[in-house]
Number of protein chains: 2
Amino acid sequence: MAVRGAVPEVIWARPERTGRGPRPAYTRDDIAAAAVRIADAQGLDAVSMRHVAAELGCGTMSLYNYVPRKEDLYELMVDAAGAEHELWEPGGDWRADMRRVARQTRELMRRHPWLPRLMSPVYGFSPHALRYLEHCLACLDPLEAAYGTKLELIAMLNGMVTTYVRNELDTAERVRALPWSEDEENAVRMAYLGGRIASGGYPRMAAAFMEDAGPIDLEAVFERAVERVIDAFAPR
Amino acid sequence: MAVRGAVPEVIWARPERTGRGPRPAYTRDDIAAAAVRIADAQGLDAVSMRHVAAELGCGTMSLYNYVPRKEDLYELMVDAAGAEHELWEPGGDWRADMRRVARQTRELMRRHPWLPRLMSPVYGFSPHALRYLEHCLACLDPLEAAYGTKLELIAMLNGMVTTYVRNELDTAERVRALPWSEDEENAVRMAYLGGRIASGGYPRMAAAFMEDAGPIDLEAVFERAVERVIDAFAPR
DNA sequence: CGTAGTTACGTACACCGTACGTAGTGCGGT
DNA sequence: ACCGCACTACGTACGGTGTACGTAACTACG
């Protein structure tokens, strides 16, 4: 489609091909895949129109035939990642199914560390996001609750998983832009934090750090959090 | 401090004044306040080194005497916002205190809509963030649990509030960069969503939208979520 | 009192998103 | 069959970004 002017539009409502004119050299999936490849390898900030175009092997401005704004490129990326969600036949135990949903989402985000940063309710209605949402609702069929409650459960679980993975990956992703290593960054921050705690102004934090001397078990923390969210919605 | 080369460093460990040389024209707080003013008025994307410098009334590069990287400017902003957290004497009812914490954080983020986007565990150890964390732990003194559990509670509540407010504000903040209005954006997305649902491919989503015809009560949803998180950590 | 370390800041570079103009291509309507 | 138009492709250009670097003025310490 042409529509060169600035017009409110959802990328999913725009047809990929209109029949008139030369056939496009790439599909939307090609473009999303190229952007995802770059983001996976070099981080989200490396996803520029120029880079994606170069990865595809076309001129920068040709991209704008497929994607009216960079924002829409992000939307394609999120949907492409959502396509990796594996859906299964719900087994009747909604708690088990939700656990599986949470774990799978976490794995997806660890595979694509840029995903948490792009998560937005605005992108929540892309084709694959809709499939995913419908699947979650199907998993929740055995739960006796209003759809409103079920949607709140899904939102809370998804939000928790996103926040969790983001925190887990944040330093690693952030440090890409920095001229020093993640270890150096952590070391210098820990040294500062140690100094603050030693100042005596934060007795409870000091006690907390005394208590948990060893490295924290991320898996266990995640599993506990999932269980807590699920419990919060279980009847009784 | 000079340190022109790229050296790992925490902004809070760097002294504001070293004695030698002309006295700086601004304090760190001046700079943070200027950046916050711009972000509040024009959105986070308007916070550029040039804009902030202009707001202060100095040359762009002078800012780099106070803040080695833009990243650190963000850190100052988050800390400045954290300074607005009002701390109180914990009243002995940790559930009530945590409710108050959650509501206050939400209000803070609605006052500074850019805050959710900047929330990061990396910024979690700024001076005011430390005060806030210690205060939360103090509120949790009556709760009989390990400090590890208390920290998990605080993280989950904070994360939930952040996610919630972000979702609430996302379209509004995003639409600043778009050449059309928030209403147009919403209208066009709702039209698309309506079409998808009408397609019959998502029966449960269709049922969900049938159920909740009216506009959702954001306050009630938030309060329910807070209560659920608190309940998830309450003994028994 | 000299000098080293600081502040101030203009210039310059590489990169970004994207508006716009132009050329070529192939389907739809006549 | 063919004309015209809607489309694809893409180079150029503009206004913006973060920040490396060079230079000049200033002040506290040895």
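Chain letters run A, B, ... following the sequence lines, proteins first, then strands; residues in each count from 1. These numbers were taken from a predicted model, which means no experiment stands behind them.
Residue contacts for A:A53: at a heavy-atom cut-off of 4.0 Å it reaches no nucleic acid atom on any strand shown.
Considering only the side chain of B:Y64, D:dG18 comes nearest among C:dA8, D:dG18, C:dT18. Set against D:dT8, C:dT7, D:dT17, the side chain of A:P24 has D:dT8 as its closest nucleotide.
Using a 4.0 Å cut-off, some side-chain N or O of B:S62 falls inside it from OP1 or OP2 of C:dC9. For C:dA8, neither phosphate oxygen OP1 nor OP2 lies less than 4.0 angstrom from any side-chain nitrogen or oxygen of B:Y26. OP1 or OP2 of C:dC16 has at least one side-chain nitrogen or oxygen of A:S48 nearer than 4.0 Å.
Judged as a ring pair (Phe, Tyr, Trp, His ring centres under 6.0 Å), and not counting sequence neighbours, the contacts of B:H85 are B:Y132. By the side chain to side chain contact (heavy atoms under 4.5 Å, CB included) test, B:R17 pairs with B:R23, B:P24, sequence neighbours left out.
Between the side chains of B:Q42 and B:H51, no donor-acceptor pair is found at a separation under 3.5 Å. No hydrogens or angles considered: a donor-acceptor pair under 3.5 Å links the side chains of B:Y123 and B:E71.
Rounded to an integer number of Å, the gap from CG of A:L56 to P of D:dC10 is 11 Å. When the C1' atom of C:dC9 is taken as reference, atom CG of B:L63 falls 11 Å away, rounded to whole Å. The nearest whole Å value for the distance from the OH atom in B:Y66 to the C1' atom in D:dT19 is 18 Å. Counting to the nearest Å, the C1' atom of D:dG16 and the CG atom of B:L44 are 16 Å from each other. For B:N65 and C:dG10, the CG to P distance is 13 Å, given to the nearest whole Å. B:M49 has its CE atom 15 Å from the P atom of C:dG10, to the nearest Å.
For the side-chain contact (heavy atoms from CB on, under 4.5 Å) with B:P68, the lone residue among B:L73, B:V7, B:I11, B:L63 that qualifies is B:I11.
Between B:R37 and B:D40 there is no salt bridge, since none of the side-chain N atoms of the basic residue sits less than 4.0 Å from a carboxylate O of the acidic one. B:R100 has a carboxylate O that lies under 4.0 Å from a charged side-chain N of B:E86, or vice versa, which qualifies the two as a salt bridge. Salt-bridge annotation for A:E75 and A:R28: absent, with no side-chain N of the basic residue lying under 4.0 Å from a carboxylate O of the acidic one. In this structure, A:R117 does not pair ionically with A:E173, as no charged nitrogen and carboxylate oxygen lie closer than 4.0 Å.
For the atom pair B:R166 CZ and B:L115 CG, the distance stands at 11.0 Å (nearest 0.5 Å).
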Once pairs are restricted to Watson-Crick or G-U wobble with both distances under 3.5 Å, how does DNA chain D read as a dot-bracket string, [ ] for crossings and | for other-strand pairs? ||||||||||||||||||||||||||||||
How would you summarise protein contacts on nucleotides 21-30 of chain D per nucleotide, using B for base, S for sugar-phosphate only and - for none, with heavy-atom distances below 4.0 Å? BBB--BBBS-
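For the pair A:G57 and A:R50, both in contact range of DNA chain D, the more 5′-proximal nearest nucleotide belongs to A:G57.
Within the structure, ring pair (Phe, Tyr, Trp, His ring centres under 6.0 Å) contacts touching residues 163-191 of chain A (residues at least two apart or in different chains) are A:Y164-A:F222.
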Evaluation steps, side-chain hydrogen bond (donor to acceptor under 3.5 Å, both in side chains), between B:D30 and B:T27: CA-CA 5 Å; B:D30 291 337; B:T27 67; 3.3 Å; yes
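Listed by residue number, there are no residues of residues 69-79 of chain A with a heavy-atom contact under 4.0 Å to DNA chain D.
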